[in-house]
Amino acid sequence: MTTTAPDPTAPDPTAPDPTAPAPTAPAPAARRSSGALIEAENACLAHNYHPLPVVVAHAEGAWVRDVEGRRYLDMLAGYSALNFGHRHPALIEAARSQLDHVTLTSRAFHNDRLAGFAEGLAQLTGLDMTLPMNTGAEAVESAVKIARKWAYEVKGVAEDRATVIVASGNFHGRTTTIVSFSDDPTARTGFGPFTPGFRTVPYDDLAALEAAVDETTAAVLLEPIQGEAGVRIPSDGYLAGVRELASRRGILFIADEIQSGLGRTGATLAVEHEGVRPDLLLLGKALGGGIVPVSAVVGRRDVMGVLRPGEHGSTFGGNPLAAAVGTAVVDLLNTGEFQQRARELGSVLTERLSQLVGRGVLAFRARGLWAGVDVDPAIGTGREISERLLAEGILVKDTHGSTIRLAPPLTLTREELESALDSLQKVLYRL
Ligand SMILES: *Cc1c(COP(=O)(O)O)cnc(C)c1O
């Protein structure tokens, strides 16, 4: 057998032809205009959102900048996922330094960041044990599973009979089980068949809750303040009443604080306003510092103890990067600074919104730095108001009908808050 050495002077057939026209690679995303990017998104992304027409390319603190360099004050803060603002230096530093060590192990092995994260959450919440997950919906799903298992193993509910009581107007996420107990037709229609085992009672109605409890009841699952419903705040005494009822009737109180928790209302948790501790607490959104998705079920040891190896899990849940960022979030909350800012700026927010009632605003509900503002529908839909605010350089999001939600980063300054409210006033008065 003979081999021929390649002739070094022959042209390389794989070399680019220098006379060929330059390849027409698509321009890098950052070079395309906002309009072109929105068009491209519409062409190739599922239309499950209807975003306001702004294309964010950079953000810092309470401010974002679009592709053309226009600046906007972020008064939504990722639905409270950005309670500490965009790219908070302590959170970016925690993520950056963790990237140099280890980012993912899976729970097949231990990692050196998870214990500290769980200890921090226990200390922050007064509860015992953490189940780390990623998204809010996963935390809700996990809590439903834990409550059902607790009902069978501890309470003695007959097999497959456990029920969970939920409230009207709830928002707990988007999975098939969670939309099964939503009463929002847009969230449900076309997605059946639905998971059984849920009972809906009116929110903020203790008598209805009491009447719905029977020997099959595992838990009551509630948002201490209903965010998507338009920042709906229950009457004083409701959460304390739910706590008392749950203890007396032998059911679990599951508080979904995915949006209301972690400083937003002026306390670490919204249940603290009534001195209440739930049996299971659901955290998400701001727990990931606006950097990575991090959620958790935090609960009583005897309840969390029903889970045994192999019965529940998540590949990414509790990964070292998430745990490092989550620990840094807990550290920020332990300073108390953000809760205090939410209280102080919250009183400015309430004061200014009160002045708008009867002048374009029908009513509003606010707790801490969080408000649902019902705009007079004669002036415009929530969407139209949001678009007009966008033109003024203010980012907000409507919820149902003519309600807009204000939930800026807790790091915003008083001047920034005042200027956002000046813009709201201008938009309402001009109409
Ligand atoms: C956002 C939210 C969820 C769902 O969280 P995802 O991370 O979007 O799955 C659940 N409950 C409440 C109260 C929320 O606000």
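Both backbone and side-chain heavy atoms feed into the values below; hydrogens, waters and symmetry mates do not. Atoms within a ligand are numbered from 1 in the order they appear, just like the ligands themselves. Residues: numbered from 1 along the sequence shown.
Checked against a 3.5 angstrom limit, the closest N/O atoms of Gln259 and ligand 1 fall inside it. On a distance-only criterion, Gly136 and ligand 1 share at least one N/O pair closer than 3.5 Å. Not a single N or O atom of Glu228, backbone or side chain, sits closer than 3.5 Å to an N or O atom of ligand 1.
A donor-acceptor pair shorter than 3.5 Å can be found between the side chains of Asp66 and Tyr72. There is no side-chain donor-acceptor pair under 3.5 Å between Ser347 and Arg343. Side-chain contact check for Ser260 and Thr265: no donor-acceptor pair (N or O, by modelled atom type) lies under 3.5 Å.
Protein non-hydrogen atoms do not reach within 4.0 Å of atom 8 (O) of ligand 1.
Shown here for Tyr79 and Glu228, the closest heavy-atom pair between the two residues is CD2-OE2, 4.1 Å.
Aromatic ring pairs are classed by plane angle as parallel below 30°, tilted from 30° to 60° and perpendicular above 60°; the pair Phe181 and His172 is tilted.
Of the listed residues (Leu369, Leu333, Leu410), just one forms a side-chain contact (heavy atoms from CB on, under 4.5 Å) with Asn83, and that residue is Leu410.
Atoms of ligand 1 lying under 4.0 Å from any heavy atom of Glu223, numbered from 1 in the order shown and given with element: 13 (C). Heavy-atom proximity to Ala137, at under 4.0 Å, picks out these atoms of ligand 1: 4 (C), 5 (O), 6 (P), 9 (O). The distance from ligand 1 to the heavy atoms of Asp256 drops below 4.0 Å at these ligand atoms: 10 (C), 11 (N), 12 (C), 13 (C).
Given atom 1 (C) of ligand 1, the protein heavy atom at minimum distance is Lys285 NZ, 1.5 Å.
Side-chain atoms of Thr413 come within 3.5 Å of backbone N or O of Glu416 as a donor-acceptor pair.
A heavy-atom separation below 4.0 Å is found between Phe171 and ligand 1.
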